[in-house]
Amino acid sequence: MKFNITSKDGRARTGVIKTPHGNIETPAFIPVGTKADVKTLDISDLHKLRAPAVLANTYHLYLRPGPDLIEKFGGLGEFMGWDGPTFTDSGGFQVFSLGFGLEHGVSKVSNIFPDEENKRKNAVPSRKKLFKIDEDGVNFVSHLDGGKHRFTAEISIDIQQKLGADIIFAFDECTSPMHDKKYTEEAMNRTHKWAKRSVQAWTNREKQGLYGIIQGGAYEELRRKSTEFICSLDTPGIAIGGSLGKSKKDMYDILDWTLPIAPEERPRHLLGIGEIEDLFTASARGIDTFDCVSPTRIARNGSVYVSPQAGGTPANKFNINIRAQKYAADSGPIDENCDCFTCKNHTRAYIRHLFASGELLAMRLATIHNLHFVFSLMNGIRGAIQKERLSKLALDWGIKV
RNA sequence: GCAGGGUUAGUGAAGCGGGCAAACACGUCAGACUGUAAAUCUGAUGGCUUAUGCCUUCGUAGGUUCGAAUCCUACACCCUGCA
């Protein structure tokens, strides 16, 4: 894996990540394909959308169908019939989302600390915690069948090498905005140890690029420490993970603490982010790649992106709820400025009807639209950086970077 | 015609003398979702501009009772037997 910076605009930059399965022009949004598929889409859709890569998940593919089987098929890309670049996440996030996150009903980004009532509402207290973290790794029971398993840095990297993605991630511990500084620091120190061990376990260096993951929650001191440590390791790329605080401002602060002290020549991945606004603000701060379930998940739930011309604003997160009654007879496309398959062929009324009827096509059309929307946005962002006009483009969207 | 059973909010369906504006399900409406246990989850759903409040509802009309969706009478309609 190689990375070249091709232009700069303040702290933002464009570049190219060269992988054995093709180049990724950055900044890029990588759609999430957890179980070796981007939900509702097939590979021809991904090609037509010009998806730069797909990010799959180590935990899920380890449990099913198993890394040995995928290895026999020639790796993740071959297995899923996708000839473009692939990423795999290390499984660290599942330790969080199926452990602490599930127990407390929180995500890695939280606008509020859940109060007692919310905690009770969202948590699953009857369910035993699926994960137990120790200094060396994590014991867990499969959410599928309750079977007992263990992940360590070595195991995660071994699985990821069998999966064979072009870009892989070190095994890390993700914390929540609810964790205090003391615990966040302990988790960060574990992540550092595991990162070091991940680098040692990483042998397939020709074909796979490893990214270390910076942790430290929303604590400046910890984030700086973590950046220094992770960047001291010999990895071709770095990633920012973990709790990104309680607000967008917290997240931007974290980027401001970390990115300026990270080596410029290494690509930076922002794990699990991207809402529309974030793609601007994080690109402006020097993030090169994103992955996020948001566009695909909210699509399946009836939220579709609209540009400022079609009524999108930072306040409504640039999306509308296409299931709403007010679109029942709307003969326009989701977004009149969009030239995706969905917008070229279908009306809001039709898509609303499909959602109301529970038709699978609704989710597929919405997913196509949302992914096209973010890919096209990333195109615009790259073009703007090349012309050193990213902040102006952002302003056109009502976003101050 | 005789005997029995039924008629409850948009739909289905609980309730069978007081805590019933009426369970539950579906539907409908609204919202949430950021390294995907997510085609999931949350809330609202008789009216009153938001109330430990008032008003109107349980086929229709009367009645009994301090009090009725719940008991009685008549009527209407539906179902099941027997004619």
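Residue numbers begin at 1 in each chain, while the letters A, B, ... track the order of the sequences. Since the structure is predicted, the reported quantities are computational estimates derived from the model, not experimental observations.
Partners of Ser232(A) under the side chain to side chain donor-acceptor pair (under 3.5 Å) rule, at least two apart in sequence or in another chain, do not exist in this structure.
For Arg323(A) against U28(B), a side-chain-to-base donor-acceptor contact under 3.5 Å is absent. One N or O donor and one acceptor, one from the side chain of Asp172(A) and one from the base of G35(B), sit under 3.5 Å apart. Looking at Lys248(A), its side chain comes within 3.5 Å of the base of U34(B) through a donor and an acceptor atom. Taking only distance into account, the side chain of Thr296(A) meets the base of U36(B) through a donor-acceptor pair shorter than 3.5 Å.
Across all strands shown, His269(A) has no heavy atoms under 4.0 Å from either base or sugar-phosphate atoms. Among the protein residues, Gln215(A) comes within range of the nucleic acid bases, having at least one heavy atom under 4.0 Å from a base atom. Across all strands shown, Ser107(A) has heavy atoms under 4.0 Å from sugar-phosphate atoms exclusively, and none from any base. At the heavy-atom level, Ser97(A) lies under 4.0 Å from the strands shown only through sugar-phosphate atoms. Residue contacts shown for Gln325(A) are limited to sugar-phosphate atoms, with no base heavy atom under 4.0 Å away. If you check every strand for non-hydrogen atoms under 4.0 Å, Ala324(A) touches sugar and phosphate atoms only.
Mapping Gly274(A) and Met363(A) onto RNA chain B by nearest heavy atom places Gly274(A) at the nucleotide closer to the 5' end.
Protein atom NZ of Lys108(A) is 7 Å distant from nucleotide atom P of G35(B), rounded to whole Å. In this structure, the CH2 atom of Trp194(A) is 20 Å from the P atom of G35(B), given to the nearest Å.
For the pair Asn57(A) and U36(B), the criterion of a side-chain N or O lying under 4.0 Å from OP1 or OP2 is met. A close approach under 4.0 Å does not occur between any side-chain nitrogen or oxygen of Ser294(A) and OP1 or OP2 of U34(B). Between Lys35(A) and the phosphate of A37(B), there is no side-chain N or O to OP1/OP2 separation shorter than 4.0 Å. Taking side-chain N and O atoms only, Asn321(A) has a distance below 4.0 Å to OP1 or OP2 of G31(B). Phosphate contact (OP1/OP2 of A37(B), side-chain N/O of Gln94(A), threshold under 4.0 Å): present.
Counting only residues at least two apart or on different chains, the salt bridge (charged side-chain N to carboxylate O under 4.0 Å, His left out) pairs with a member in residues 229-243 of chain A are Arg205(A)-Asp234(A).
The pair Arg224(A)-Glu228(A) fails the salt-bridge criterion, with no side-chain N (NZ, NE, NH1 or NH2) lying under 4.0 Å from an Asp/Glu carboxylate O.
The residue from Thr235(A), Thr58(A), Asp89(A), Thr88(A) that alone fulfils the side-chain contact (heavy atoms from CB on, under 4.5 Å) condition with Phe169(A) is Asp89(A).
For the atom pair Phe318(A) CZ and Ser307(A) OG, the distance stands at 9.0 Å (nearest 0.5 Å).
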